[in-house]
> 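Sharing a structure here in structure tokens format.
All chains are named by letter (A, B, ...) in the order of the sequence lines, taking the proteins before the strands, and each is independently numbered beginning at 1.
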2 protein chains.
Amino acid sequence: MPQPPAPRKTPGRPPRISRDEIIGAAFRILDEEGVDRLTMRRLATEIGSTPMALYHHVRNKDELLVLLLDDYATRTLRRPELPARPRERVIVAAEAIHEVLAACPWIVTVLTADDLLSKPALWFVEQIVDGFVDCGLPLDQAVHGYRAVWYYTAGEITVRAAAARRRAEADRPIHRESVFADLDPDEVPRLAQVADRWEALTAQDTYSDGLRALVDGLAAR
Amino acid sequence: MPQPPAPRKTPGRPPRISRDEIIGAAFRILDEEGVDRLTMRRLATEIGSTPMALYHHVRNKDELLVLLLDDYATRTLRRPELPARPRERVIVAAEAIHEVLAACPWIVTVLTADDLLSKPALWFVEQIVDGFVDCGLPLDQAVHGYRAVWYYTAGEITVRAAAARRRAEADRPIHRESVFADLDPDEVPRLAQVADRWEALTAQDTYSDGLRALVDGLAAR
DNA sequence: GCTACTTTTCTTACATGTACAGAAACTTAC
DNA sequence: GTAAGTTTCTGTACATGTAAGAAAAGTAGC
């Protein structure tokens with residue numbers, strides 16, 4: 001004879017939805033309809049509930065996005081083969097994080113809201129800190145080194161995402177153009193020199209180059 | 001005899017408010033009541049107009065904030081004495097930008113929306129690019145160097161602002177604590193080692209240290 | 001004067017995140 | 001059974017940014 005599915009022991013009204021269900025539905029919406037369609041109302045109807053019911057499982061929309069990122073990272077982050085040289089280890093670990101984050105631009109609004117110290121990322125943070133220690137840095141400085149790498153990485157992602165968003169809304173008169181339009185070659189000669197190539201130059205992906213420079217500089221202390 | 005204030009020649013309904021007036025009022029509100037009170041409605045009543053009238057002088061709220069930042073930077077940015085050594089020049093210029101931005105946390109939402117290529121900042125960008133060129137970098141690499149510095153700077157500001165915001169809302173169970181609560185010393189030994197000092201370590205201001213490392217690494221190419 | 005045109009302002013309306021106040025659906029104690 | 005307590009859910013309401021269109025206030029040509 002079939003039992004009642006799970007004889008609950010906790011008091012109170014039994015939940016009809018769960019945090020996992022919310023995250024799953026949110027991810028579906030994100031995937032199929034884009035980040036703009038991911039609203040609390042849309043999400044509620046997706047799981048057959050009401051907007052405010054969500055707030056019993058998630059503090060607010062930002063936390064939901066953080067949880068989504070956690071979930072995504074857990075499924076996506078694969079621990080790479082780490083090179084033996086500590087400096088390379090730092091770089092590979094940072095690049096792995098960067099790669100995952102760069103692939104999901106929707107987290108940008110939350111990227112800074114929590115500094116990516118989610119559990120799946122901890123191993124990578126460990127590798128970075130440990131790599132710096134193996135480079136000869138004292139532990140405290142190694143942590144600061146990780147912070148510097150994180151600042152650089154988070155900045156790259158957010159700035160690049162903003163640039164992409166700006167390109168997408170091509171109708172607006174691009175701010176940069178107007179600034180670059182009348183550069184005074186006496187005042188800012190270098191900028192005037194590259195003005196026409198600025199767009200192309202800044203479109204290049206130089207994350208790894210900058211990262212290596214940063215790590216080199218940090219390890220050389 | 002007093003003339004009618006300015007015999008207009010342009011057709012159309014004469015404007016009752018100006019962009020400058022909007023920015024001025026916005027700044028007053030920002031200063032006196034904080035960024036949370038700076039809403040389009042509040043701003044409209046401040047200058048005796050209606051919310052939608054603002055939109056004829058400003059594309060949207062983000063652009064308003066960018067304009068505000070421009071205005072603020074124009075009044076605040078003072079060109080510092082630049083050292084002779086190119087590497088130091090880059091650092092001083094970057095620190096000047098950082099100092100101004102760090103002082104007004106309200107721009108964080110816009111920081112990335114436009115990459116600070118506003119006119120008052122151009123001189124500083126020039127100094128950074130020129131400093132890298134004088135370090136021996138080809139012009140293209142110098143521009144990339146500036147980008148790296150900007151990524152690092154923007155990241156530092158936004159991440160730090162987010163951390164401050166999080167500290168301000170001290171009621172919520174801080175995410176970081178829960179992540180750091182049960183660190184497995186076998187899995188992440190370094191992190192477990194610094195877990196109790198993490199908060200203090202990351203609260204330190206290490207912007208300049210990281211910047212120097214980055215610039216050193218970039219200049220060494 | 002009047003009409004056409006232009007530019008700015010105002011009114012109304014909507015989507016969004018979320019606060020707040022109960023109502024609903026359980027368990028436990030009697 | 002009933003009462004108390006706890007947790008989850010629902011309904012309503014508000015502040016916000018802003019889209020769309022109507023109205024207002026001018027100029028230019030007649």
> Is any NZ, NE, NH1 or NH2 atom of the basic residue among A:Glu126 and A:Lys119 found under 4.0 Å from an Asp or Glu carboxylate oxygen of the other?
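No salt bridge links A:Glu126 with A:Lys119.
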> Has B:Arg75 got its NZ or CZ under 6.0 Å from the middle of the six-membered ring of B:Phe27, at an angle within 45 degrees of the ring axis?
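That pair qualifies as a cation-pi contact.
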> Can A:Arg160 and A:Glu156 be counted as an ion pair, charged N to O under 4.0 angstrom?
yes
> Are there more than 12 heavy atoms of other residues, nucleotides or ligands under 6.0 Å from atom CZ of B:Arg37?
no
> Under 3.5 Å between N/O atoms: give me all the protein pairs with nucleotides 1-4 of chain D, atom names plus distance.
none

> Can a salt bridge be assigned to the pair A:Glu46 and A:Arg41 using a cut-off of 4.0 Å between side-chain N and carboxylate O?
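No.
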> Which atom names give the shortest non-hydrogen contact between A:Ala195 and A:Leu183, and what distance separates them?
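Closest approach of A:Ala195 to A:Leu183: CB-CD1, 4.0 Å.
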> Using a 6.0 Å cut-off, check whether atom CD of A:Glu99 has over 12 heavy atoms from anything other than its own residue.
no
> Can you check the A:Ile47 CD1 to D:dC9 C1' distance for me, whole Å?
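A:Ile47 atom CD1 is separated from D:dC9 atom C1' by 12 Å.
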> Mark up nucleotides 10-20 of chain C, 5' to 3', with B wherever a protein heavy atom is under 4.0 angstrom from a base atom, S wherever such an atom reaches only the sugar-phosphate, and - elsewhere.
BB----BBBBB
> Would you call the rings of A:Tyr207 and A:His98 parallel, tilted or perpendicular, taking 30° and 60° as the class edges?
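Rings of A:Tyr207 and A:His98: parallel, under 30°.
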